[in-house]
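Written below as structure tokens is the structure these notes are about.
Note that the numbering runs from 1 along the sequence shown for the chain.
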Amino acid sequence: MGDQEIRAALDRHWAASAAGDQDTEHDIYHDDVITDYPQSGERIRGRRNLQALRSHHPAKLTFTIRRILGSGDLWTTEYVIDYDGKPASTISIMEFRDGKVAHETQYFADDFAPPAWRAQWVEPLPGR
């Protein structure tokens, strides 16, 4: 599977995630996928467990994709997940094997107010 096909699969995955289409969202994963959440110290083994976990999330989720970068078997998506109105900046690192995700690591970060001391050197990100 080439880069264009993987990018198209990622676009379908994120669109399905945003739409709440659990089956299409999880088509991208191998049956034996491993998904890691380093900040909570959790590992999810298998597509079935990953889909069950995500389908039981208690919050209303919305997704805003900022960018998708990658080539070959390694792809990264930078996005914001909004959990019932609370945004979390998120990075998803996906490692592909035979055209499907074999390993995914996701990092989540809450927004915070910028400190005043550095105001002279920075500018706000667009949309903030």
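- Judged as a salt bridge (Lys or Arg N to Asp or Glu O under 4.0 Å), not a single pair has a partner in residues 113-124 (not counting sequence neighbours).
- Between Y83 and P58 the shortest side-chain heavy-atom distance does not fall below 4.5 Å.
- Residue V80 belongs to no hydrophobic cluster, having no ILVMFWY side-chain heavy atom closer than 4.5 Å to its own.
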Practice item. Begin with the C-alpha distance, continue with both residues' side-chain angles, and end with the deciding distance and a verdict on side chain to side chain contact (heavy atoms under 4.5 Å, CB included) for Q106 and Y37. Key: CA-CA 5 Å; Q106 290 186 314; Y37 295 163; 3.1 Å; yes
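- Using a 4.5 Å heavy-atom threshold, the side chains of Q51 and D23 count as touching.
- Ring centroid separation for the pair F96 and H103 does not come in under the 6.0 Å cut-off.
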Practice item. Assess whether side chain to side chain contact (heavy atoms under 4.5 Å, CB included) is satisfied between L69 and R67, documenting all intermediate values. Key: CA-CA 7 Å; L69 301 170; R67 63 183 168 160; 3.8 Å; yes
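- A salt bridge links D11 with R7: the distance from a Lys NZ or Arg NE/NH1/NH2 to an Asp or Glu carboxylate oxygen falls below 4.0 Å.
- With a 6.0 Å radius and a threshold of 12 heavy atoms from other residues, nucleotides or ligands, H56 has its NE2 atom at or below the threshold.
- The local environment of CD in Q4 is sparse, with at most 12 non-hydrogen atoms from other residues, nucleotides or ligands closer than 6.0 Å.
- Between G72 and D3, the closest heavy-atom pair is N-OD1, 2.8 Å.
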Check your understanding: So S55 and Q22, side chain to side chain donor-acceptor pair (under 3.5 Å) or not? Walk me through it.
Key -> CA-CA 7 Å; S55 68; Q22 291 288 319; 4.8 Å; no
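- Considering all non-hydrogen atoms of both residues, F63 and A18 come closest at CD1-CA, 3.6 Å.
- Remark: the E104 side chain and the Y29 side chain contain an N/O donor-acceptor pair separated by less than 3.5 Å.
- A salt bridge is absent between R45 and D36: the closest approach of a Lys/Arg side-chain nitrogen to an acidic carboxylate oxygen does not fall below 4.0 angstrom.
- No continuous path of hydrophobic side-chain contacts links Y107 to I34 [ILVMFWY only; heavy atoms under 4.5 Å].
- Screening R54, H26, E25 against S17 for a side-chain hydrogen bond (donor to acceptor under 3.5 Å, both in side chains) leaves a single residue, E25.
- Applying the salt bridge (Lys or Arg N to Asp or Glu O under 4.0 Å) test to every pair with at least one member in residues 81-94, sequence neighbours left out, gives these pairs: K86-D110.
- Taking hydrophobic clusters as Ile, Leu, Val, Met, Phe, Trp and Tyr residues chained together by side-chain heavy-atom distances below 4.5 Å, L61 shares a cluster with I28.
- Taking 4.0 Å as the cut-off between side-chain N and carboxylate O, D32 and R48 do not count as a salt-bridged pair.
- D111 contributes no side-chain N or O that, together with a main-chain N or O of P87, makes up a donor-acceptor pair within less than 3.5 Å.
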Point to revise | side chain to side chain contact (heavy atoms under 4.5 Å, CB included) between H57 and I81, worked out | key: CA-CA 13 Å; H57 201 289; I81 301 176; over 6 Å; no
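- Atom CD of Q39 is separated from atom CZ of F108 by 7.5 Å, given to the nearest 0.5 angstrom.
- Atom OG of S89 sits about 9.0 Å away from atom CZ of F112, to the nearest 0.5 Å.
- With hydrophobic clusters built from ILVMFWY side chains whose heavy atoms lie under 4.5 angstrom apart, L53 shares a cluster with V33.
- Y79 and I93 are assigned to two separate hydrophobic clusters, defined by single-linkage of ILVMFWY side chains at heavy-atom distances under 4.5 Å.
- In this structure, CD1 in I91 is found 8.5 Å from OG1 in T77, a value given to the nearest 0.5 Å.
- Going from atom CD of E78 over to atom OG1 of T76 covers 9.5 Å, rounded to the nearest 0.5 Å.
- The closest side-chain heavy-atom distance from D73 to E95 is not below 4.5 Å.
- We find the CD1-CH2 distance between I6 and W75 to be 6.5 Å, quoted to the nearest 0.5 Å.
- Interatomic distance, L50 CG to I44 CD1, rounded to the nearest 0.5 Å: 6.0 Å.
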